[in-house]
K.L.:
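I have a structure here, written as structure tokens, and I will follow up with some questions on it.
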There are 2 protein chains.
Amino acid sequence: MMVFMARAATTSDVFNAIAERQRREILVLLQSGERPVSELAGELGMAQPGASKHLRVLREVGLVRDRKAGKLRLYSLDGRGLRPVHEWTGGFERFWNDSFDRLNAYVQDLEQARQEE
Amino acid sequence: MMVFMARAATTSDVFNAIAERQRREILVLLQSGERPVSELAGELGMAQPGASKHLRVLREVGLVRDRKAGKLRLYSLDGRGLRPVHEWTGGFERFWNDSFDRLNAYVQDLEQARQEE
DNA sequence: TTGACATATGCCGATATCGACATATGATGG
DNA sequence: CCATCATATGTCGATATCGGCATATGTCAA
């Protein structure tokens with residue numbers, strides 16, 4: 001009995017969580033301090049329920065925290081989960097930084113162009 | 001007339017392209033050199049058509065190149081597109097590296113724990 | 001040309017996803 | 001308790017996504 005898995009769940013995976021533009025924008029906004037949902041929704045130009053859902057995803061992967069503050073619920077950034085992504089991409093640094101690989105990429109650009117003539 | 005946009009197209013966006021585990025594995029495999037599709041498929045334990053489709057996505061966002069080599073079609077890494085991701089996540093470095101923010105996160109962990117009692 | 005091998009594409013089924021909307025839950029103050 | 005404000009959740013419609021499978025395209029070699 002094989003249950004289908006159409007795509008990796010967006011929750012439970014930081015890579016998927018930040019694949020969404022609006023969620024990335026939320027994280028950027030939270031860099032300057034904690035905010036309630038409705039304020040974030042306003043700044044993103046989206047409705048409150050949508051913002052709540054994005055925040056839920058971000059919370060489930062641990063990129064965001066919330067604390068109650070009176071009637072409000074303040075969300076704050078927890079950037080620690082972004083570190084693995086930073087390090088994973090950093091593993092490819094030589095493919096854009098190293099002069100040999102830059103030259104290599106250049107040569108392949110030329111080959112590509114020649115092939116497409 | 002508003003056309004629906006259920007989710008950002010995986011093509012045309014590097015963040016979405018690397019949101020998929022198998023595509024990330026392909027990129028890692030290509031770090032050690034160019035490979036044909038069928039070899040990648042074998043190493044990933046998936047069928048060739050699946051690997052071809054993932055490679056198509058990676059090619060469309062510019063993370064991968066291909067060149068014809070006889071009967072084969074060799075795919076190679078072009079890591080340059082990962083740089084923006086590395087830099088974007090790097091913008092959050094202080095949220096995991098800075099001692100103040102580490103302390104801050106620690107305190108919030110405590111508050112969280114207390115709140116959930 | 002024909003056959004063999006390598007790769008790409010098309011279709012299907014199951015499911016995830018996102019925005020919009022309505023509504024439920026929750027907390028506060030009177 | 002009740003009204004109010006803030007937030008969360010549920011449902012729906014449209015679409016994207018992924019693996020599996022069959023099949024088309026492409027490339028070589030004899």
Side-chain angles (χ1 to χ4, degrees), chain A residues 1-26 30 34-61 64-76 115-116, chain B residues 1-26 30 34-61 64-76 115-116:
Chain A
M1 160 94 46
M2 173 58 176
V3 177
F4 257 76
M5 186 55 105
R7 101 170 270 166
T10 178
T11 182
S12 84
D13 180 354
V14 174
F15 280 92
N16 269 298
I18 66 170
E20 179 62 43
R21 172 178 295 275
Q22 311 240 51
R23 287 198 287 263
R24 289 199 299 276
E25 285 174 14
I26 287 176
L30 291 179
E34 56 185 4
R35 275 181 183 68
V37 183
S38 39
E39 193 177 319
L40 288 169
E43 290 171 312
L44 291 173
M46 74 181 310
Q48 170 266 316
S52 274
K53 283 176 192 166
H54 282 314
L55 284 166
R56 182 176 157 92
V57 172
L58 292 172
R59 179 160 29 96
E60 280 171 350
V61 301
V64 142
R65 278 207 191 67
D66 64 287
R67 74 179 178 89
K68 286 171 232 162
K71 201 180 289 188
L72 299 179
R73 191 174 197 84
L74 296 178
Y75 282 88
S76 58
Q115 223 174 59
E116 285 168 352
Chain B
M1 163 90 49
M2 173 58 176
V3 176
F4 257 75
M5 185 56 103
R7 99 171 271 168
T10 175
T11 183
S12 83
D13 181 351
V14 174
F15 281 92
N16 270 298
I18 66 170
E20 179 62 44
R21 173 179 294 276
Q22 311 240 51
R23 286 197 287 264
R24 289 199 298 276
E25 285 175 13
I26 287 177
L30 291 179
E34 54 185 6
R35 275 182 182 70
V37 183
S38 40
E39 193 176 322
L40 288 169
E43 292 171 311
L44 291 172
M46 73 180 312
Q48 169 267 315
S52 274
K53 284 175 195 169
H54 282 314
L55 285 167
R56 181 176 157 93
V57 172
L58 292 172
R59 180 161 26 97
E60 280 171 351
V61 301
V64 142
R65 277 207 191 67
D66 64 288
R67 74 177 177 92
K68 285 172 232 162
K71 203 180 289 188
L72 299 179
R73 191 175 196 83
L74 296 178
Y75 281 88
S76 58
Q115 224 174 59
E116 284 168 353

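Letters go in sequence order (proteins before strands), and every chain restarts at 1. Basis for what follows: all heavy atoms, side chains included, without hydrogens, waters or symmetry-related copies.
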K.L.:
At less than 4.0 Å, is any side-chain N or O atom of His54(A) found next to OP1 or OP2 of dT17(C)? Yes or no.
P.N.:
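Checking His54(A) against dT17(C): no side-chain N or O falls below 4.0 Å of OP1 or OP2.
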
K.L.:
According to the salt bridge (Lys or Arg N to Asp or Glu O under 4.0 Å) rule, which pairs have a member within residues 41-50 of chain B, sequence neighbours left out?
P.N.:
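Listed by first then second residue: Arg35(B)-Glu43(B).
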
K.L.:
At their closest point, which heavy atom of Ala51(B) faces which heavy atom of Ala41(B), and how far apart are they?
P.N.:
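Where Ala51(B) meets Ala41(B) most closely, the heavy atoms are CB-CB, 3.9 Å.
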
K.L.:
Which residues pass the salt bridge (charged side-chain N to carboxylate O under 4.0 Å, His left out) test with Arg24(A), sequence neighbours left out?
P.N.:
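For Arg24(A), no residue satisfies salt bridge (charged side-chain N to carboxylate O under 4.0 Å, His left out) once neighbours in sequence are set aside.
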
K.L.:
Could you state the atom-to-atom distance from CZ of Phe15(B) to P of dA16(D) in whole Å?
P.N.:
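Those two atoms, CZ and P, are 21 Å apart.
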
K.L.:
Using modelled atom types only, decide if a donor and an acceptor are shared between the side chain of Asn16(B) and the backbone of Ala19(A) within a distance under 3.5 Å.
P.N.:
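Such a contact is found between Asn16(B) side chain and Ala19(A) backbone.
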
K.L.:
Write down the distance between CD (Glu20(B)) and P (dA16(D)), rounded to a whole number of angstrom.
P.N.:
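Result: 17 Å.
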
K.L.:
Where along nucleotides 2-9 of chain C does protein come under 4.0 Å, by heavy atom, of base (B) or sugar-phosphate alone (S), with - for untouched nucleotides?
P.N.:
---BSBBB

K.L.:
Write down the distance between CG (Asp13(B)) and C1' (dT17(D)), rounded to a whole number of angstrom.
P.N.:
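Spelled out: CG on Asp13(B) to C1' on dT17(D) is 14 Å.
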
K.L.:
Between dC18(D) atom P and Leu58(B) atom CG, what is the distance in whole Å?
P.N.:
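To the nearest whole Å, that distance equals 10 Å.
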
K.L.:
How do Ala47(A) and Gly70(A) order along DNA chain C: which one's closest nucleotide is nearer the 5' end?
P.N.:
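The residue closer to the strand's 5' end, by nearest nucleotide, is Ala47(A).
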
K.L.:
Is the shortest side-chain N/O distance from Arg21(B) to OP1 or OP2 of dC18(D) below 4.0 Å?
P.N.:
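So the side-chain polar atoms of Arg21(B) never come under 4.0 Å of the phosphate oxygens OP1 or OP2 of dC18(D).
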
K.L.:
Could you pull out the closest heavy-atom pair between Leu30(A) and Tyr75(A), with the gap in Å?
P.N.:
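In this case the closest contact between Leu30(A) and Tyr75(A) is CD2-O, 3.4 Å.
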
K.L.:
List in chain and number order the residues that pass side-chain hydrogen bond (donor to acceptor under 3.5 Å, both in side chains) with Gln48(B), two or more places apart in sequence or in another chain; answer none if no residue qualifies.
P.N.:
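For Gln48(B), the residues satisfying side-chain hydrogen bond (donor to acceptor under 3.5 Å, both in side chains) (neighbours in sequence not counted) are Ser52(B).
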
